[in-house]
Engineer: 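One structure, pasted below without further comment.
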Amino acid sequence: MVTAEHILEDLNPPQRDAVTTIAGPLLILAGPGSGKTRVIAHRIAYLVDVIGVAPWRILSVTFTNKAAKEMRSRVAAHLEEAAADLLLGTFHSICARLLRTEADRIGLNRSFNIYDDSDQMSLMKRACERSNVDTKRFKERAILSAISHAKSELVSPETYAKEARDYFGEVVARVYDHYQRLLVENSALDFDDLIVRTVEMLRHHEEVREKYQERMLHVLVDEFQDTNIAQYELAKLFAGKHPNICVVGDPDQSIYSWRSADIRNILNFERDFPGAKTVLLEQNYRSTQNILDGAQAVIAGNIQRKEKTLWTSAGGGEPIVAYEAYDEAEEADFVANEIATMVEADQRPYGEFAVMYRTNAHSRALEEALIRAKVPYALVGGTRFYERREVKDILAYLRLIQNPHDIVSFTRVINVPGRGIGAKTLSELERWAREREVPPYAALQLIAEQEGSAVKPPPIERHPIGAKQTRTLIDFHAMIVELQNVAEKNNLSTLLDGLLERTAYRQYLFSEFEEPEAEERWENIGELRNVASEYDGLSSGHGLVAFLEDVALISDADTVPENDDPRSGRVTLITLHSAKGLEYPIVFLIAMEESVLPHIRSFDDPAQMEEERRLCYVGMTRAKQRLYLIRAFRRYTMGSSSHNPPSRFLRDIPEHLIAQRSAVRGQHEAVERGPSRFRDEFARRDDRPAVPEDLVYAGGERVRHPRFGEGIVVSSQMVKDDQEVTIAFKGEAGIKRLMLSFAPLEKL
C-alpha cells in the first residue's frame, strides 16, 4: 500500500488540498500549466491507496482519447494492475460501453453501429429525401449541425418541432424526425446519441440509474469548461446518490462554443451544488512570470470568469517581444529568420518552436518562408496550404486553362461545383475518348463540334452521352474556352476573379459547408488570390505559367526529416484552437490585428468577443520561455491591401512587459522602439516621412532594394498620401508591392 506521504510529497499546498478533499462536490479551478492532470492522477491514487475506495467505484471522464490514454498511464504508475478496474475514458467511450451493457433493458440492439461524420451525412441525405426538403436551398450540413446542437441541449425532435420559430426551424424539425427514425432502422447511433441515449436511460430506467449511481462513489470530470448541457446532465446523474463529484477546469480556457460547449456549466457549478468547495491552482510550472502577467492582463478584460492569479517560481524571464512587420510576407520572414537564428546560435532543436494563428489561411506565407529558409515544419490541425481542397480545386482549374489535356485537373473539376456530371457520365466520356485515342478534353471538344454542326455524324461515331449531360458538358467546355481567352488578354488576378465568378465558387463553399468552415475555406481562396496578385506585373499568359510553376515547386517541397542532429525535429504550425493543452519553449502568435484576432465575427457579439479573448489567452500561455506577438501593418485580403489596427489584446498588455521590435522603412533588422508603440495607430505616426516627388517611379525603371536586390518597376500608383510600387525582383524575392514611404529604393 502506497502511503499518503508518498502520494502528496511532490504537490504544492493547493494541489494537496485538491487531492485530499474527498467528501462532497469540489471545483478545481486549474490555471494553464498548473499541473491539473497530475492532481487528478494523484487524487485517484489517494482515493484507492489511502481512503480504500475500490477502483471500479471511480468514474474519471475526459474529452479526448489522447488525454484518457495519458491519464490512465499516470494512474497506472501509482496503482499498477488496479488501474485496469477504473471506469476511465472519454464521455463517448464510457457511454458506448454502458449502452452495450444495458442494451436489452432499453430496447437497443446490442450490436448497434456508431456512425461517424461521413455516415451521418449519408443518412442525412436520405432523411432530406424522405422529408421532401430542397437541398439546394437547405444544405444537409447545415441541417445536421442544427440537429447536433439540439441534441447537445437534450432537445428531442418533438420539442424542436414545437419550439421552431422560422421556416428553417420547421425544416430541421421534419428532417430531425426522419433522421432519428433512420438511425433506429439502421440500428445505429451517432456520437451525440451516445450521450443523449445514456441520459435517457438513466432518467427513465430506475433500476439502471440506481445501479450506476450506487456504483459511482466518486466522479471526476476533466476539462469541465468544455462540457455541453447533455454532458453536464450526465455527470450530475452519475453523482445523483453520492455527491462526490470533482470537476476540473478553467473558464478562461473555454474556446469551443462552436462545438456547443457551454461556459455556464463551470460558472454555475457552485450554484448547482450548494456547499461545493473551490480550490485554486494558481502556481504555474510552464511559463515565465512576464508571460503569465501579459496573459492575465489580456484575460482580465472578460466578465464571464472566476478570478485567479497565476504565478511562478521560475522568475520574470525574457520580455514579451512585440514585432510589427510591414506585410504578411515580412511577418513570415521575420518568424523564419528568428527561428533559424536561435537554432544556430543557441543550438535549439526545431521542435521547441511553435507558430500559432487564428485561421489556417495564415499558414500559407509561413510555409513559403520556412521552405525558403530551409526550416523543417509540421502543420498540425490542418492540411498544408496548397493541399487544401478548395485551393487544389482552383489550382486545378488554372492548370486546365493552361493545359486542357491535363487529365488529373480535368477529372477533379468537371463536377466541382456540382453540375450533374456523375461517375457514369464521366466513365462514358473517358471510354469514348479512349476509342478515339484522344484525351477527355479533346473528346469534349468533339462533342461540342458535333452538337454545333448541322451535319450529324453516323451513329457509330456519335458520342454516347445523354442529352441533358451533353448540354452540361458543352457549357463546361464553353466556360474553359472563355477563361482561356481571359487568360490571354489579362493579368492573373483578373483571370482568377473571372474564374471564381464564372464557377460561383464562393456560393458553392457556403452551400457545402457550415458558415465558420465555409468562411475559413473562402479565406484560403483569398490567400491564394494574394499570391496570384504578385504575378500581375508579368505579361498576359506568362503570369499564369510562372505562378503554376512556383506553386508546384513549393507544394512538392519535402520537409527535412528528423535525424540525430541536435537541431532535428520540426517547427509546429498550428491554429490557436488546436494548440489548447500543448506547450512549447518558444511561441510566435501572428496576425495580432483587429478583424483577425479578435475575429471580425465577434465585433457585434460580447460573448464571442470574450471567447476571442480567451483564445488569445490560451495561445499566450502555451509559451514556456519566450513569447512573440506579431502583426502586420498591411495585410492582403482577396488581392487588395488592408490596414487593420493592432489587436485590442496587445493594448491590454502593460508596457513594462514588452520589448518592441519593428521593421521600419523597409529595414529588415530589428529596431528598438518605445513599448507604447502598439497603443498608437501605425498610420498616424508622426515619424512617417512624406514621399518626395522625385521618387515617383515609372514602369520599366531599374531599382535596387537593400534586401530584395535588383528589380524592374512594373507599376506605380498613389494610395492616399503614399505611393505603392510593384517591382519584379530577380531571384527568390519575386514580385513585391512596396510603399515608398518605407521602401529604401535606389534608382539604377
Engineer: Answer yes if the side chains of Gln253 and Tyr617 hold a donor-acceptor pair under 3.5 Å, and no otherwise.
Structural biologist: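 Side chains of Gln253 and Tyr617: no pair found under 3.5 Å.
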Engineer: Would a line drawn from the ring center of His218 to the ring center of His242 be shorter than 6.0 Å?
Structural biologist: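 No - the distance between ring centres of His218 and His242 does not fall below the 6.0 Å cut-off.
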Engineer: Does a side chain donor of either Thr278 or Glu270 reach within less than 3.5 Å of an acceptor in the other side chain?
Structural biologist: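 A pair is found: one side chain offers a donor N or O, the other an acceptor, under 3.5 Å apart.
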Engineer: Is any side-chain heavy atom of Tyr350 closer than 4.5 Å to a side-chain heavy atom of Val343?
Structural biologist: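 Yes - at least one pair of side-chain heavy atoms lies under 4.5 Å apart.
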Engineer: Can you confirm whether the side chains of Gln120 and Arg141 place a donor and an acceptor under 3.5 Å from each other?
Structural biologist: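 Distance-only check fails for Gln120 and Arg141.
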Engineer: Consider only side-chain N and O atoms of Lys624 and Ser287, and report whether a donor and an acceptor are under 3.5 Å apart.
Structural biologist: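 No, no side-chain donor-acceptor pair sits under 3.5 Å.
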Engineer: Verify the neighbour count for atom CZ of Arg209: are there more than 12 heavy atoms of other residues, nucleotides or ligands below 6.0 Å?
Structural biologist: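 Result for CZ/Arg209: enclosed.
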Engineer: Does any donor atom in the side chain of Asn284 or Ser34 lie under 3.5 Å from an acceptor atom in the other side chain?
Structural biologist: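 Note: Asn284 and Ser34 side chains miss the donor-acceptor criterion.
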Engineer: What is the ring orientation for Tyr357 with His362, classed by angle as parallel under 30°, tilted 30 to 60°, or perpendicular over 60°?
Structural biologist: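 The arrangement is tilted - the two ring planes meet at 30° to 60°.
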Engineer: Quick check: do Tyr584 and Phe353 have side-chain heavy atoms less than 4.5 Å from each other?
Structural biologist: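 No - every pair of side-chain heavy atoms lies 4.5 Å or more apart.
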Engineer: Within 45° of the axis and under 6.0 Å from the centre of the six-membered ring of Phe649, does NZ or CZ of Arg613 qualify?
Structural biologist: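 Here Arg613 fails the 6.0 Å and 45° test against Phe649.
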Engineer: On a heavy-atom basis, which atom in Cys95 and which in Thr198 lie closest, and how many Å separate them?
Structural biologist: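 Where Cys95 meets Thr198 most closely, the heavy atoms are CB-OG1, 3.2 Å.
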Engineer: Would you kindly say whether Ser156 and Thr159 are connected by a side-chain donor-acceptor distance under 3.5 Å?
Structural biologist: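 Checked: Ser156/Thr159 side chains pair up, N/O donor to acceptor below 3.5 Å.
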Engineer: We want to know whether Tyr212 and Glu102 form a side-chain donor-acceptor pair, criterion being a heavy-atom distance below 3.5 angstrom.
Structural biologist: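 Yes, side-chain donor-acceptor contact under 3.5 Å.
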Engineer: Looking at Glu200 and Arg197, is any side-chain nitrogen of the basic one under 4.0 Å from a carboxylate oxygen of the acidic one?
Structural biologist: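 Yes, charged N to carboxylate O under 4.0 Å.
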Engineer: Answer whether the closest heavy-atom distance between the side chains of Pro14 and Leu280 falls below 4.5 Å.
Structural biologist: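 A side-chain contact under 4.5 Å is absent here.
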Engineer: State whether Tyr232 and Lys236 meet the cation-pi test: NZ (Lys) or CZ (Arg) under 6.0 Å from the six-membered ring centroid, and within 45° of the perpendicular axis.
Structural biologist: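 Yes, Lys236 lies over the aromatic ring of Tyr232.
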